[in-house]
Amino acid sequence: MPAANLIGEEGVGFAIAQARLGPGRVHHCMRAIGTGERSLELMVERATSREAFGGPLSDQGVVATWIAESRLELEQARLLTLKAAWLMDTVGNKRARTEIAAIKVVAARVLTRITDRAMQLFGAAGVSADTPLAYFYAMGRQLRIVDGPDEVHLRTVAREEIRKVDRPVPDPEPAAATTALRP
Ligand SMILES: Cc1cc2nc3c(=O)[nH]c(=O)nc-3n(C[C@H](O)[C@H](O)[C@H](O)COP(=O)(O)OP(=O)(O)OC[C@H]3O[C@@H](n4cnc5c(N)ncnc54)[C@H](O)[C@@H]3O)c2cc1C
């Protein structure tokens, strides 16, 4: 690479690569949530169009529960993604690292869980190339490894929780009251 083609400062390539990891992870989460929405849409289409045992699959309580659970999980993941993005904008990527780590784990889990339910509802078609579900599942599954495996992100979240407890606990009594009670 000719020196004239250098962009940015010499020797800061690694720092730049590290700095892009936070925003990159949130992008993964946004894609995972969008893909999860598509899996849920397909799940509902299948549940309302396929008849078995005298009625549509959506009449089965377990299927209705899968649909509802999928909506709840998507909304929880969406809100945590928005929180992580808001923190990145307001306090910076470094201080938002716990939320970024958390949502990276959550979004991948939600995508695979919802897609797995949708695949089950499609039966054999769900594991074939007739629907995009098997591809979506692979996407979610690889997201548990790409940009750091789940275990490493969970370690970040755990460290922050432990650090909170390690902090010195502030005196609950106001300074004035404490002074007044002293002999
Ligand atoms: C589709 C895909 C695209 C990728 N794209 C990129 C890319 O663009 N740029 C890039 O740099 N990398 C990329 N990667 C690499 C990815 O970041 C690594 O695969 C990932 O960080 C895991 O590293 P590893 O494969 O070396 O596995 P290892 O480091 O050997 O980890 C294997 C397993 O060990 C466990 N483990 C590892 N560390 C810990 C720990 N500290 N605590 C507990 N358990 C642990 C986890 O279960 C982990 O899954 C990509 C990977 C895939 C699958």
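Small disclaimer: the values here were computed from a predicted structure and weren't measured. Residue indices begin at 1 and follow the sequence shown. Remember, it's 1-based here, ligands and their atoms both numbered in the order they're listed.
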Next item on the list: Would you kindly confirm whether Val105 and Val110 end up in one hydrophobic cluster when ILVMFWY residues are joined by side chain heavy atoms under 4.5 Å apart?
Entry: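 No.
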
Next item on the list: Pick out which of Ile114, Thr131, Thr115, Asp116 makes a side chain to side chain contact (heavy atoms under 4.5 Å, CB included) with Phe136.
Entry: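 Running side chain to side chain contact (heavy atoms under 4.5 Å, CB included) over Ile114, Thr131, Thr115, Asp116 with Phe136 returns exactly one hit, Thr115.
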
Protein non-hydrogen atom below 4.0 angstrom of [atom] present:
atom: atom 33 (C) of ligand 1; value: no
atom: atom 52 (C) of ligand 1; value: yes
atom: atom 28 (P) of ligand 1; value: no
atom: atom 11 (O) of ligand 1; value: no
atom: atom 14 (N) of ligand 1; value: no
atom: atom 40 (C) of ligand 1; value: yes

Could [X] and [Y] be called an ion pair, given the rule that one side-chain N must be under 4.0 Å from one carboxylate O?
X: Glu41; Y: Arg46; answer: no
X: Arg50; Y: Glu45; answer: no
X: Arg155; Y: Glu151; answer: no

Among all protein heavy atoms in this structure, tell me which lies nearest to [atom], with the distance rounded to 0.1 Å.
atom: atom 38 (N) of ligand 1; value: Val152 CG2, 3.7 Å
atom: atom 17 (O) of ligand 1; value: Asp147 N, 3.4 Å
atom: atom 19 (O) of ligand 1; value: Ile145 CG2, 3.7 Å
atom: atom 23 (O) of ligand 1; value: Pro149 CD, 5.0 Å
atom: atom 42 (N) of ligand 1; value: Glu151 CB, 4.2 Å
atom: atom 1 (C) of ligand 1; value: Gln142 OE1, 2.8 Å
atom: atom 2 (C) of ligand 1; value: Val146 CG2, 3.4 Å

Notebook entry, point to check: Nearest 0.5 Å, what's the OG-CE distance between Ser58 and Met43?
Noted result: 12.5 Å

Next item on the list: Could you verify whether a donor N or O on one side chain and an acceptor N or O on the other, from Ser70 and Arg117, lie under 3.5 Å apart?
Entry: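 Present: a donor and an acceptor within the cut-off.
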
Notebook entry, point to check: Judged by atom type as modelled, is there a donor-acceptor pair below 3.5 Å linking the side chain of Lys104 to the main-chain atoms of Leu143?
Noted result: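 A pair under 3.5 Å: yes.
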
Checklist line | Which of the ligand 1 atoms, numbered from 1, are nearer than 4.0 Å to a heavy atom of Gly148 | finding: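 Reading through ligand 1 atom by atom, the close ones are 17 (O), 21 (O).
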
Check: If you draw a 6.0 Å radius around CD in Gln120, do more than 12 non-hydrogen atoms from other residues or ligands fall strictly inside?
Finding: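 No, not enclosed.
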
